[in-house]
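Reading through the structure tokens given below for one structure.
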Amino acid sequence: MRGAVMYKAGDLRVEEREDPKIIEPTDAIVKLTATCICGSDLWAYRGIEPADHQVMGHEYVGVVEQVGSEVKNIKVGDFVVGSFVISDNTCEICRSGYQSGCVHREFVAQTIGTQAEKARIPYADGTLVPTPSQPAPELIPSLLAASDVLGTGWYAADAAGVGPGKTVAVIGDGAVGLMAVLAAEQLGAQRIIAMSRHPERQELARFYGATDIVAERGDAGVARIKELTGGLGAHSVIEAVGTQQSTMQAIRATRPGGYMGFVGVNYDVTIRGIDLFFAGIHTEGGPAPVRRFLPKLIQLVWDRKIDPGKVFDLVLPLDKVAEGYKAMDERRAIKVLLTL
């Protein structure tokens, strides 16, 4: 099969990889229908994460081709959406709703690589969720979004305590930030402030429910949010970038007693204890337990109540994956969908 391999930073190739096979009785083999490039994939592309012939990709939808002898809930022919974290969905951590911390956790990006034609998915019953039937082609981008960015944005909003009557500030206008805006709207937020300085992303944020756009960053961004909230700060703040500036902006923009949900991969972020202490806020985040939300998100897409697929603004065949990475690295694309 063909699959993307990162030889080293900036050197991404599509080459022949061995077809996946059933190894454990809980495995499934999925023939992928679509996959995509995630902002977190750029860490390896930029040399921030090490990459030495690393298989790439962790977002995926497709049709089950084969299942192991112990797989009970997934059958051959099912169209499935999978989480970017492998989980059994039965351990104590999973049952508490944090499948991304499963005792059998495995990151698809590091070991499986779904920027490819096929994938072996361990713990298929716990990781994959079938759709009600074969989806219409126009639903596939939105179902693919549920595999990570939609689920991550939704988790960020949930962790930030978003709900009716709340003012929400979303820091980050990438795919996850835009999906957090969508989630905040769906969860009933009264006011949604999207931080963005890019007109095309601002337009998409408004489509998903943003009521206010703030272009300022850092201290100026904090001041603007406080100006919009009577000097108090937002009830709920979502951090979807992962830099030092965005993290501190999120903490300082959250009102005392408010909630910050953080899902930006935060390399080299340092928070002084005294800053966190006097902020007096609730914080929750990390790798999103997408599997917790997948059934609900799939149904919302299936019923055409949400359209997260609009976050894909560039579609390329798998063979052009290197072009897709370059476009996202240069911020010429929000998110790239790869066809197979």
Side-chain angles (χ1 to χ4, degrees), residues 1-5 14-38 41 54-90 94 99-100 102 104-137 139-151 290-291 293-295 297-298 301-302 309 312 315 317-319 321 336-340:
M1 70 170 186
R2 294 175 303 148
V5 179
V14 175
E15 60 184 28
E16 285 296 318
R17 290 170 48 194
E18 185 179 356
D19 281 353
K21 298 177 176 62
I22 297 290
I23 296 174
E24 300 292 339
T26 52
D27 290 347
I29 306 299
V30 179
K31 179 178 174 57
L32 302 185
T33 302
T35 182
C36 55
I37 302 171
C38 182
D41 292 329
Q54 174 72 53
V55 296
M56 299 299 294
H58 56 268
E59 298 158 283
Y60 56 103
V61 295
V63 178
V64 176
E65 275 197 339
Q66 189 179 357
V67 296
S69 60
E70 293 182 13
V71 175
K72 307 301 182 187
N73 302 324
I74 303 295
K75 63 182 185 298
V76 172
D78 280 347
F79 190 94
V80 292
V81 182
S83 166
F84 71 93
V85 182
I86 302 301
S87 62
D88 61 24
N89 208 33
T90 60
C94 286
Q99 292 90 336
S100 52
C102 176
H104 294 115
R105 179 175 74 178
E106 184 178 334
F107 285 98
V108 172
Q110 297 176 357
T111 56
I112 296 166
T114 56
Q115 288 165 8
E117 294 178 312
K118 296 184 181 183
R120 178 184 72 89
I121 305 300
Y123 293 98
D125 279 339
T127 304
L128 302 174
V129 179
T131 57
S133 60
Q134 297 297 312
L139 290 183
I140 286 174
S142 289
L143 292 169
L144 178 60
S147 182
D148 183 354
V149 287
L150 174 59
V290 168
R291 180 61 180 81
F293 305 105
L294 268 181
L297 299 181
I298 288 171
V301 169
W302 203 261
F312 295 105
V315 178
L318 178 63
D319 288 339
V321 64
V336 178
L337 186 147
L338 301 170
T339 58
L340 297 159

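- Separation of atoms CD1 (I86) and CG (N89) is listed at 12.0 Å; rounding is to 0.5 Å.
- Interatomic distance, SG of C102 versus CZ of R291, reported as 11.0 Å (0.5 Å rounding).
- Judged by distance alone, with hydrogens and angles left aside, the side-chain atoms of S147 form a donor-acceptor pair with the main-chain N or O of G82 at under 3.5 Å.
- For the pair T35 (side chain) and T114 (backbone), a donor-acceptor distance under 3.5 Å is present.
- Proximity of I112 to P122: side-chain heavy atoms (C-beta onward) are separated by under 4.5 Å at one or more points.
- Between P135 and I140, the closest heavy-atom pair is CG-CG1, 4.2 Å.
- Taking every heavy atom of both residues into account, S142 and V301 meet most closely at CB-CG1, 3.6 Å.
- In this structure, the separation between CG on D319 and CG on L340 is 9.5 Å, given to the nearest 0.5 Å.
- The shortest non-hydrogen separation linking G57 to D41 is N-OD1, 4.3 Å.
- Looking only at side-chain heavy atoms (C-beta outward), T131 and V81 come within less than 4.5 Å of each other.
- Side-chain N or O atoms of D78 include none that pairs as donor or acceptor with a backbone N or O of V80 at under 3.5 Å.
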Can Q99 and V85 be said to form a side-chain contact (heavy atoms from CB on, under 4.5 Å), step by step? CA-CA 8 Å; Q99 292 90 336; V85 182; over 6 Å; no
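- Between D27 and R120, at least one side-chain N (NZ, or NE/NH1/NH2) sits under 4.0 Å from a carboxylate O, which counts as a salt bridge.
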Worked check of side-chain contact (heavy atoms from CB on, under 4.5 Å) between F312 and V336: CA-CA 6 Å; F312 295 105; V336 178; over 6 Å; no
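- Atom CD of E59 sits about 9.5 Å away from atom CG of L337, to the nearest 0.5 Å.
- Contact of the I37 side chain with the L338 side chain is registered, since non-hydrogen atoms from C-beta on lie closer than 4.5 Å.
- Screening M1, E117, R2 for a side-chain contact (heavy atoms from CB on, under 4.5 Å) with R17, the sole residue that qualifies is M1.
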side-chain contact (heavy atoms from CB on, under 4.5 Å) assessment of I29 paired with I22: CA-CA 7 Å; I29 306 299; I22 297 290; 3.8 Å; yes
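- Under the 3.5 Å distance criterion, the side-chain polar atoms of Q115 are matched with a main-chain donor or acceptor of C36.
- The CZ atom of R105 sits 14.0 Å away from the OH atom of Y123 when rounded to the nearest 0.5 Å.
- Here the shortest heavy-atom pairing between V321 and A4 reads CG1-CB, 4.2 Å.
- In terms of modelled atom types and a separation under 3.5 Å, the side chain of Y60 and the main chain of S83 share a donor-acceptor contact.
- L32 approaches A116 most closely through the heavy-atom pair CD1-O, 3.2 Å.
- For the pair T127 (side chain) and S87 (backbone), a donor-acceptor distance under 3.5 Å is present.
- The shortest side-chain heavy-atom distance between Q134 and V63 falls under the 4.5 Å cut-off.
- Distance check, rounded to the nearest 0.5 Å: NZ of K118 to CG of D19 gives 5.0 Å.
- Shortest non-hydrogen contact noted between K75 and V64 is O-CB, 3.5 Å.
- More than 12 heavy-atom neighbours from other residues, nucleotides or ligands sit within 6.0 angstrom of CD on E15.
- Looking at heavy atoms from C-beta onward, L143 lies in side-chain contact with I298 at the 4.5 angstrom threshold.
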